[in-house]
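What follows is a set of notes on a single structure, which appears directly below.
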Amino acid sequence: MKTLFNAALALGLAATPAAAAELTVVTAGDQNMVEYVSEYLGPLFEKENPGAKVRVVGTGPGDAGSQKILERFEAQAKAGSAKWDVDVAVVHEKFAGPMVEAGYLEAYRDKIPSGKLVTRGNADMALGTRVSGYVMPMFNSQTALAYNPNLLANPPKSYAELAEWAKANPKQFGYNGIKGGASGVSFVMGWVYAFGEGDAGKLQNGPFEEAETKKWDKALASLKDFTRHATLTPGNAGTLDLLSRGEIAMGPVWVDMFYSWQADGRLPPDLKLILPEPGMPGQPMHYVVPAKSPNRELAEKFVAMATSPKIQAEGIVKRFNWYPGIDAQHVQAELDDATWNKLFKDITPEDLAKNGKPFPIAPYNNAILEAYERQVSN
């Protein structure tokens, strides 16, 4: 276990709490997450709150970035610090549950106006742990099926229809398995949700039961047969690349990546998206407020601003092509028609609410991946 001093060095923070008017925001994720706070949210907040100063610290991409934040909270809790040196943190969904269970977070969502605008289930359950009240989604990153309407005028609208279509159109569906990127992993999880003989809700919310893992054999056997008729792509980008060249007609993608490629001219503008029934997984990033934030009221005001309809529209949708953390219907009035139609024409807010699913809790997630290796890859 890192010492308190080493944990402070790892985050680049002093071991003493920030000054009263200085708000410290620590974010996991790529550099664009740091820049979003430092160059956009921070200046806006400082303008709205004269005298306040926003300090931003990035902890790095992927799970490792959120792990550093969790370790930071753990170190300060064990040290018995009366006030911690983080006011707001942005963490991956996977880490919200452990933080809540350890008592590291404030239940603040019901105190801010935008808290009432959240409708996705992943703001209440985070991979099997109830986090309702403790998190506000910064954004929702969603997977879906992209397709070429010139090759596929009437796309399958469900996993069941997709399975039939793929048999009749060999090699026209492409996905990257489970090792080349998370869009393929998401597709596999959605397949188990659709065809597994167990309870998909239990996979998403727990509890873990070993007996549940025995209910996927038929689903995975059908996935093996499906994969024989599919094209295996080299990764998330590989699926998009094959779609762009017309070598496949359909495949799973990350929605924000899809729209970014279209904006850059790397995908034809007429390619479309569909979110098939009964759904595919996505994942949010969450704003959390530490239980011992030195500037709790200021922290709540910051998250309230960052998750307001106006900022979700300008910052999350327009800048990154992410789906908003709050219900999209509240964001629509803040967007021009062109932006709204680009992001929500193919997949509506209603589609997201119905078919946007969480990933399975970790034990089921790992068990499905292991079963895929045994029963589909071999």
Side-chain angles (χ1 to χ4, degrees), residues 92-94 96-97 118-132 135 137 140-145 155-166 173 175 177-178 182-227 230 250-255 273-284 323 347-376:
H92 291 84
E93 179 185 32
K94 179 179 177 180
V118 177
T119 57
R120 289 281 290 266
N122 57 23
D124 294 325
M125 294 292 291
L127 305 181
T129 302
R130 181 158 291 281
V131 297
S132 182
V135 303
N140 280 289
S141 190
Q142 179 64 47
T143 55
L145 299 182
K157 295 178 176 60
S158 68
Y159 268 87
E161 290 182 11
L162 175 64
E164 293 301 316
W165 173 81
F173 185 90
Y175 81 107
I178 62 170
S183 64
V185 173
S186 173
F187 175 74
V188 170
M189 299 305 167
W191 187 281
V192 174
Y193 292 166
F195 299 117
E197 296 179 337
D199 180 0
K202 184 176 289 185
L203 302 187
Q204 296 161 24
N205 300 314
F208 178 76
E209 295 176 359
E210 186 68 32
E212 199 72 24
T213 68
K214 312 302 182 185
K215 300 176 181 178
W216 309 329
D217 289 348
K218 289 184 180 179
L220 292 171
S222 67
L223 182 56
K224 182 171 185 175
D225 183 62
F226 176 90
T227 301
M250 190 176 223
V253 300
W254 287 102
V255 171
L273 295 168
I274 192 168
L275 189 54
E277 294 184 350
M280 290 178 65
Q283 55 189 353
Y323 287 118
I347 299 174
T348 67
E350 292 76 20
D351 293 332
L352 287 171
K354 179 182 178 183
N355 293 329
K357 305 296 184 183
F359 278 89
I361 65 172
Y364 286 129
N365 190 87
N366 294 336
I368 291 170
L369 295 179
E370 291 168 4
Y372 181 95
E373 290 277 22
R374 291 193 311 270
Q375 298 173 242
V376 179

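Along the sequence shown, residues are numbered consecutively beginning with 1.
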(request) Show your working on side chain to side chain contact (heavy atoms under 4.5 Å, CB included) between V188 and L223 and close with a plain yes or no. (result) CA-CA 8 Å; V188 170; L223 182 56; 4.1 Å; yes

Under 3.5 Å, side chain of [X] to main-chain N/O of [Y], donor-acceptor pair present?
X: Y364; Y: P207; result: yes
X: D351; Y: T348; result: yes
X: W191; Y: A219; result: yes
X: E93; Y: A123; result: no
X: K357; Y: K354; result: yes
X: S186; Y: P281; result: yes

Can you name the closest pair of heavy atoms from [X] and [Y] and give their distance?
X: F208; Y: P363; answer: CD1-CB, 3.3 Å
X: A144; Y: V255; answer: CB-CG2, 3.9 Å
X: A371; Y: L220; answer: CB-CD1, 3.5 Å
X: Y159; Y: P276; answer: CE1-CG, 4.0 Å
X: G177; Y: Y372; answer: CA-OH, 3.7 Å
X: A367; Y: T213; answer: CB-CG2, 4.1 Å

Could you check if a side-chain atom of [X] sits within less than 4.5 angstrom of a side-chain atom of [Y], using non-hydrogen atoms only?
X: P284; Y: N140; result: yes
X: M250; Y: I274; result: yes
X: I178; Y: E373; result: yes
X: L369; Y: V185; result: yes
X: P349; Y: Y323; result: no

(request) Report the relative orientation of the aromatic rings in F173 and F226; use parallel for angles under 30°, tilted for 30 to 60°, perpendicular for over 60°. (result)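 Correct class here is perpendicular.
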
(request) Measure the acute angle between the ring planes of Y175 and F187, then classify it against the limits of 30° and 60° as parallel, tilted or perpendicular. (result)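 Tilted, since the angle between the ring planes falls between 30° and 60°.
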
Roughly how far, to the nearest 0.5 Å, is the [atom2] atom of [Y] from the [atom1] atom of [X]?
X: L352; Y: I347; atom1: CG; atom2: CD1; result: 6.5 Å
X: L203; Y: Y193; atom1: CG; atom2: OH; result: 6.0 Å
X: T129; Y: K94; atom1: OG1; atom2: NZ; result: 12.5 Å
X: M125; Y: I361; atom1: CE; atom2: CD1; result: 8.5 Å
X: D199; Y: K215; atom1: CG; atom2: NZ; result: 8.0 Å
X: H92; Y: L127; atom1: NE2; atom2: CG; result: 12.0 Å

(request) Give a yes-or-no answer on whether the side chains of S222 and D225 include a donor-acceptor pair shorter than 3.5 Å. (result) no

(message) The test is side chain to side chain contact (heavy atoms under 4.5 Å, CB included); show your working for N122 and Q283 and say whether it passes.
(response) CA-CA 8 Å; N122 57 23; Q283 55 189 353; over 6 Å; no

(message) Please evaluate residues L162 and L145 with respect to the criterion side chain to side chain contact (heavy atoms under 4.5 Å, CB included), reporting the C-alpha separation (whole Å), side-chain torsions for both, the decisive distance (0.1 Å), and the verdict.
(response) CA-CA 10 Å; L162 175 64; L145 299 182; 4.1 Å; yes

(request) For side chain to side chain contact (heavy atoms under 4.5 Å, CB included), just list the numbers for Q142 and L275, CA-CA rounded to whole Å, side-chain angles, deciding distance to a tenth of an Å, and then say yes or no. (result) CA-CA 9 Å; Q142 179 64 47; L275 189 54; 3.8 Å; yes

(request) May I ask you to say whether E209 pairs ionically with K202, meaning some side-chain N is under 4.0 Å from a carboxylate O? (result) yes

(request) Could you tell me whether K157 atom NZ has more than 12 heavy atoms of other residues or ligands within 6.0 Å of it? (result) yes

